[in-house]
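Below: the structure, in structure tokens.
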Amino acid sequence: MIKSALQIARESYQPKLPASLKGGVKIVEGAKTQSIADQEEIQQMFPNTYGMPVLTFEPGEKKVFPAINVGVILSGGQAPGGHNVIAGLFDGLKALNSNSRLYGFLGGPSGLTDNKYMELTKDIIDHYRNTGGFDIIGSGRTKLEKTEQYDKGLKNCKALGIQALVIIGGDDSNTNACVLAEYYKSTNAGVQVIGCPKTIDGDLKNEMIETSFGFDTACKVYSELIGNIQRDANSAKKYWHFIKLMGRSASHIGLECALQTQPNFTIISEEVEEKGQTLEDIVDQITEVIIERSKNNENFGTVLIPEGLIEFIPEMKSLIAELNDLMAEHEEELNTLDTINEKREYITEELTVGSANAYSSLPDDIANQLIMDRDPHGNVQVSKIETEKLLIQMVETKLKHLRKDGKFHGKFSAQNHFFGYEGRCAAPSNFDADYTYSLGYTAAVLIGEGKTGYMASVRNTTATADKWIAGGVPVTMMMNMEKRHGEMKPVIQKALVKLDGAPFKTFAANREKWAKETLYVYPGPIQYFGPTEVCDMPTKTLLLEKGAK
Ligand code: FBP
């Protein structure tokens, strides 16, 4: 492996840990928990892992633990800090007993069922400390949902003497981790399952999980790029930049980047849905800002677009929900059709009148993108839907009409960008490096204590790391029932942007000013070495949610 100078310097960075994880750990049990909704159904589905207490760690006596073999799986999209979860888990297991062993299942959850694995030794782990990416063992999106998969996985665990699995994933993967925990517990399989909150999207969060790892670094990378673009826009003064930002559903990334860079226009999907806005409404708002700025001769600007927007526009939402159900129901028939046009015709016939109208009003490329393959969880792959281009086209058309009517005299020339993959594997910020290492270490402690069906949790994350509160949260506590693949399923509830939350309110209080004036902020690249206020700051979202002014 050829390493950059930064990578070599980062290898020796020792992530900071909460005080409770620095020696022996005392486990403090809270009260019994309930799921956030649909309590009866969820309790029935998880009789063995429902209602467990929240666990908080405090400094305690050092105990002796038997050696244990553990398997780890990276699931879903990459997020900065994954390697440090594994490093923290490894160090935590060795602290329990130096003869403990860690196995990594390769290529995501399918590694468990296909018995593809490698032992993760100190030499290997040391090369990956504080690095971005998931390449140490790879990731995948195979869904663990069938009893045959659980049984195969168990057989493979038994062969390696594995008594616990750590699944590092987003809301869907942690839901599956909990189903697996329940199954193994109900069958006395002797394998514990612990989850770990990962996703750059920032939508796996709640009272107990303050943020998902990777969000901090990814937003800082995107904000650096947006800042650079804004500086270019303000220098050349000739382009409007339409920038789509990853985050398959919630707009947390867009909101955080807006708070960091102060662009001229930011769409927040959750607000679009709440106000029942149509695509035309959004286009009208953008053109108003363009016209206003052109009056000051500022024929340039930035528009941030959340990746998941299309699913939040009411008419599109019902269309996509119908398409999802139809595509699950008619999968076999659709597979027999060769061309995209045949598929579109077939699907259009099955749609309700309202949705068929909405579908036929879309430009061809967007209509095609909407019926592309779903991800293994039945979701539209929104990263492939080019809303940034769609909006440019619509804004251009609108401005042409307004120019004809004498209502627009400026210039409009646009560039489109999509920032997603650029940020998912960046070297973790100090925050993510510390947070992920602590999460991995926490998972090791939960395993040592014999827990299953828990997610590793580290709270109080706006304080210095020694004051962070580590512990475990029962996964069932975060669940409710939702429709997936046409059926009601227990799932971890996604955390969308709260319109009455401090991050959105701060943005909303400033956006008019940011639209009219050019008040860009250029955050620059993530700094790893230097003063704490430059290197260790969490996201503005987290600070505002925790009450910072
Ligand atoms: P996870 O929820 O698995 O972390 O993935 C999130 C994400 O990065 C989304 O932001 C994006 O829509 C999606 O993954 C892209 O998926 P893929 O890597 O399969 O293209």
Side-chain angles (χ1 to χ4, degrees), residues 73-83 85 107-110 132-135 137-145 167-177 195-206 209 211-222 225 243-257 269-270 304-312 320 324 369-370 372-388 417-426 428 432 435-436 439 455 478 482 484 491-497 541:
I73 298 170
L74 288 164
S75 181
Q78 284 67 249
H83 289 159
V85 178
S110 62
F134 277 9
D135 43 311
I137 50 173
S139 184
R141 291 198 184 272
T142 303
K143 199 172 166 171
L144 293 179
E145 57 180 351
I167 299 184
I168 303 169
D171 50 344
D172 283 329
S173 309
N174 273 286
T175 295
N176 295 340
C196 193
K198 170 235 69 165
T199 177
I200 61 159
D201 296 2
D203 56 9
L204 173 43
K205 68 173 166 183
N206 47 54
I209 304 293
T211 186
S212 55
F213 78 77
F215 176 69
D216 185 273
T217 311
C219 288
K220 286 174 181 163
V221 172
Y222 304 142
L225 299 175
I243 307 168
K244 184 172 78 169
L245 293 163
M246 245 188 195
R248 81 158 311 284
S249 204
S251 306
H252 297 293
I253 293 181
L255 179 55
E256 173 62 24
C257 292
S269 304
E270 291 80 347
L304 304 190
I305 304 151
E307 184 185 55
L309 173 65
I310 198 95
E311 286 191 304
F312 285 79
I320 291 171
N324 286 349
Q369 287 157 12
L370 279 180
M372 279 182 316
D373 288 344
R374 274 24 189 176
D375 74 9
H377 301 280
N379 301 318
V380 179
Q381 298 188 53
V382 277
S383 62
K384 294 190 179 162
I385 298 177
E386 296 177 318
T387 27
E388 68 285 22
H417 311 265
F418 170 36
F419 298 150
Y421 301 97
E422 292 80 350
R424 293 201 314 185
C425 282
D432 267 332
Y435 182 53
T436 47
L439 284 170
M455 192 185 289
M478 307 169 201
E482 285 175 28
R484 294 291 159 92
V491 291
I492 295 176
Q493 193 179 49
K494 256 193 206 310
L496 299 179
V497 169
T541 302

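Indexing begins at 1, ligand by ligand and atom by atom, following the structure's order. It should be emphasised that the depicted structure is a prediction, and the values quoted were computed from it without experimental measurement.
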**Request:** Kindly say whether Pro109 contributes a backbone atom to a donor-acceptor pair with the side chain of Thr142 at under 3.5 angstrom?
**Result:**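 The answer is no, because no donor-acceptor pair under 3.5 Å joins these two groups.
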**Item:** With sequence neighbours excluded, residues passing salt bridge (charged side-chain N to carboxylate O under 4.0 Å, His left out) with Glu422
**Value:**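 If we apply the salt bridge (charged side-chain N to carboxylate O under 4.0 Å, His left out) test to Glu422, skipping adjacent residues, there are no hits.
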**Prompt:** Between Ser269 and Ser251, is any side-chain donor less than 3.5 angstrom from a side-chain acceptor?
**Reply:**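 Present: a donor and an acceptor within the cut-off.
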**Item:** Listed partners of Thr436 passing side-chain hydrogen bond (donor to acceptor under 3.5 Å, both in side chains), at least two apart
**Value:**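 Counting only residues at least two positions away or on another chain, Thr436 forms no side-chain hydrogen bond (donor to acceptor under 3.5 Å, both in side chains).
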**Message:** Can you list everything that forms a side-chain hydrogen bond (donor to acceptor under 3.5 Å, both in side chains) with Gln78? Sequence neighbours excluded, please.
**Reply:**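 side-chain hydrogen bond (donor to acceptor under 3.5 Å, both in side chains) list for Gln78, sorted by chain: empty.
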Just the distances, no angles: every ligand 1 N or O to protein N or O pair closer than 3.5 Å, one line each.
| from | atom 1 | to | atom 2 | distance (Å) |
| --- | --- | --- | --- | --- |
| ligand 1 | 2 (O) | Thr199 | OG1 | 3.3 |
| ligand 1 | 3 (O) | Gly77 | N | 2.8 |
| ligand 1 | 3 (O) | Arg141 | NH1 | 3.0 |
| ligand 1 | 3 (O) | Lys198 | NZ | 3.1 |
| ligand 1 | 4 (O) | Lys198 | NZ | 3.0 |
| ligand 1 | 4 (O) | Thr199 | OG1 | 3.0 |
| ligand 1 | 5 (O) | Arg141 | NH2 | 3.2 |
| ligand 1 | 8 (O) | Arg424 | NH1 | 2.9 |
| ligand 1 | 10 (O) | Asp201 | OD1 | 2.7 |
| ligand 1 | 10 (O) | Asp201 | OD2 | 3.4 |
| ligand 1 | 10 (O) | Gly247 | N | 3.3 |
| ligand 1 | 12 (O) | Glu307 | OE1 | 2.8 |
| ligand 1 | 12 (O) | Glu307 | OE2 | 3.3 |
| ligand 1 | 14 (O) | Arg141 | NH2 | 2.8 |
| ligand 1 | 14 (O) | Arg424 | NH1 | 3.2 |
| ligand 1 | 16 (O) | Arg141 | NH2 | 3.0 |
| ligand 1 | 18 (O) | Arg424 | NH1 | 3.0 |
| ligand 1 | 18 (O) | Arg424 | NH2 | 2.9 |
| ligand 1 | 19 (O) | Arg141 | NE | 3.1 |
| ligand 1 | 20 (O) | Tyr421 | OH | 2.6 |

**Request:** Identify whether the distance between the nearest side-chain nitrogen and carboxylate oxygen of Asp201 and Lys494 falls below 4.0 Å.
**Result:**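 No, no charged N to carboxylate O under 4.0 Å.
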